[in-house]
Amino acid sequence: MSHPARFASTRPTLIAAATLMALSPLAHATNGYFSHGYGVQSQSMAGVGIALPLDGLTAATNPAGTAFVGNRLDVGANLFNPSRGADIQNNVAGLNGHYSADGRDLFLIPELGYTRQINKQLSLGLALYGNGGMNTSYDKSPFANFGVQGRTEMNLEQLFITPSAAWKFDAHHVIGAAVNVAYQRFSMKGIVPFAGMSSSPNDTTDRGTDSSVGAGVRLGWIGDIAPGWRAGATWSSAINGQFDKYKGLFAEQGSFDIPANYGLGLAWQPTSQWTLALDYQVIELSGTKSVSNSVTQLQQGNLLGSSNGPGFGWKDVTVYKLGVAHQWSDALTLRAGYSHASQPIPSSETLFNILAPGVVQDHVTLGFTWKADQHGEWSAYFGHAFKKTVNGQGAIPPGFGGGDASIHLQENMLGVAYGWKF
């Protein structure tokens, strides 16, 4: 149990970090538009954590992990640097050109996690973090020849607040449950040409920032399955979202649900110095029409914003993550990881995805944790998502002048966190 005075001294830090998160812009397009991981220590191992809880952010991945990390507070931040854009060729309507979406290219993403062991069976936690998002900002609009003046910009942000509880029901198994409270913000600017194919033309673009709050549940299990081996499983429900200001853009009159997702994890500690972990994750984007519906819905008479209106054509994302940690000394732990995700955007869907080019698939990460003293530790990591291009040959419909639209994205990430153990 922590000392009461020490626990009380963390309250200003909690309040300051929560305020920072509420005011900070979040944008994190990695595995689809979900973050590749949560918590700097996990992120340094490519986001593994279903069977390997590491810090106070563990409930963001698997709430059962709340029972394994003890009494601690973790506060950190990620600096996210994407490079994205589009190329249009063979278009007879004058859209040809190279377009950079890097009008803004640096984003600060704070995170906070707190866990406390109540007794030998019960542990509680709270995690605040950016679940994901997407941002593009074209100083030169790809649709300028259709009458767009100024920039074309899109911004999606998702902040999660996740209280959790974990119950150790025997010596080898823990179950956990959490509530995911999701706050979303969205804005769109500079796509006036699309208003003419909308069920609500005045609610398609340039409506400022809209927000939505929804909630869902996350369940998890972690168990020791053999000496040195630990397994885990987790599932998160879909979370309803609604952007009324953009009911003429998103299918189902502005609906924008955060998709359900699930995963399995395995961790192996062959020696006291080495740990390896593998995660398998599925993000069910196909359950969100505004994301998964194809642009071909227009050809079937379904307007933007209608019940079965067109979306971005994204497919479900399957992610494989592999991480390794080495206890170099009593004070220093080194970490590395690699992850691969399936491609969410088919080549036939690149026109709308000029606005949301979430095409990266492969990440590598390196990081460390340095124990400064008995109670405190510093963690940091660097991650790189390799540049990926999806070539959309013939992806532009004849009504837009036909031709090819290619989209690309690469990312760099740098994270730092400090953890207090009580």
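As a basis for the values below, the full set of heavy atoms in this structure was taken, side chains included, without hydrogen atoms, waters or symmetry mates.
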Discussion item. One pair to check against salt bridge (Lys or Arg N to Asp or Glu O under 4.0 Å): Arg72 and Asp74. What are the steps and the verdict?
Written reply: CA-CA 7 Å; Arg72 62 182 294 144; Asp74 293 272; 2.7 Å; yes
Discussion item. I'd like to know whether Glu377 forms a salt bridge (Lys or Arg N to Asp or Glu O under 4.0 Å) with Lys371, so could you lay out the CA-CA distance, the side-chain angles of the two residues, the decisive distance to 0.1 Å, and finally the verdict.
Written reply: CA-CA 4 Å; Glu377 60 185 27; Lys371 293 183 179 180; 5.3 Å; no
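Side chains of His340 and Asp362: a donor-acceptor N/O pair is present below 3.5 angstrom, by distance only. Judged by distance alone, the side chains of Thr204 and Ser198 do bring a donor and an acceptor atom under 3.5 Å apart. One side chain, Gln327 or Thr333, offers a donor N or O that lies under 3.5 Å from an acceptor on the other. Side chain to side chain, Gln242 and Asn240 fail the donor-acceptor criterion of an N or O pair below 3.5 Å. One side chain, Arg84 or Asn135, offers a donor N or O that lies under 3.5 Å from an acceptor on the other. There is a side-chain donor-acceptor pair under 3.5 Å between Asn308 and Gln297. In this model, no donor atom of one side chain and acceptor atom of the other lie less than 3.5 Å apart for Glu153 and Ser187. Using a 3.5 Å distance cut-off with no hydrogens or angles, the side chains of Asn131 and Tyr38 do pair a donor with an acceptor. Judged purely by distance below 3.5 Å, without hydrogens or angles, the side chains of Gln361 and Gln343 pair a donor atom with an acceptor atom. Inspection of the Ser286 and Asp316 side chains reveals an N or O donor paired with an N or O acceptor under 3.5 Å.
Screening Ile345, Val359, Thr136, Val390 against Leu409 for a side-chain contact (heavy atoms from CB on, under 4.5 Å) leaves a single residue, Val359.
Two residues are said to be in side-chain contact when any heavy atoms from C-beta on lie closer than 4.5 Å; Leu366 and Ser44 fail this criterion. The closest side-chain heavy-atom distance from Asp210 to Asp244 is below 4.5 Å. At least one side-chain heavy atom of Arg151 sits under 4.5 Å from a side-chain heavy atom of Ser137.
By the 30° and 60° cut-offs, the orientation of the rings of Phe186 relative to Tyr246 is perpendicular.
Aromatic pair Phe386/His384: centroids less than 6.0 angstrom apart.
Using a 4.0 Å cut-off between charged side-chain N and carboxylate O, Asp224 and Arg230 make a salt bridge.
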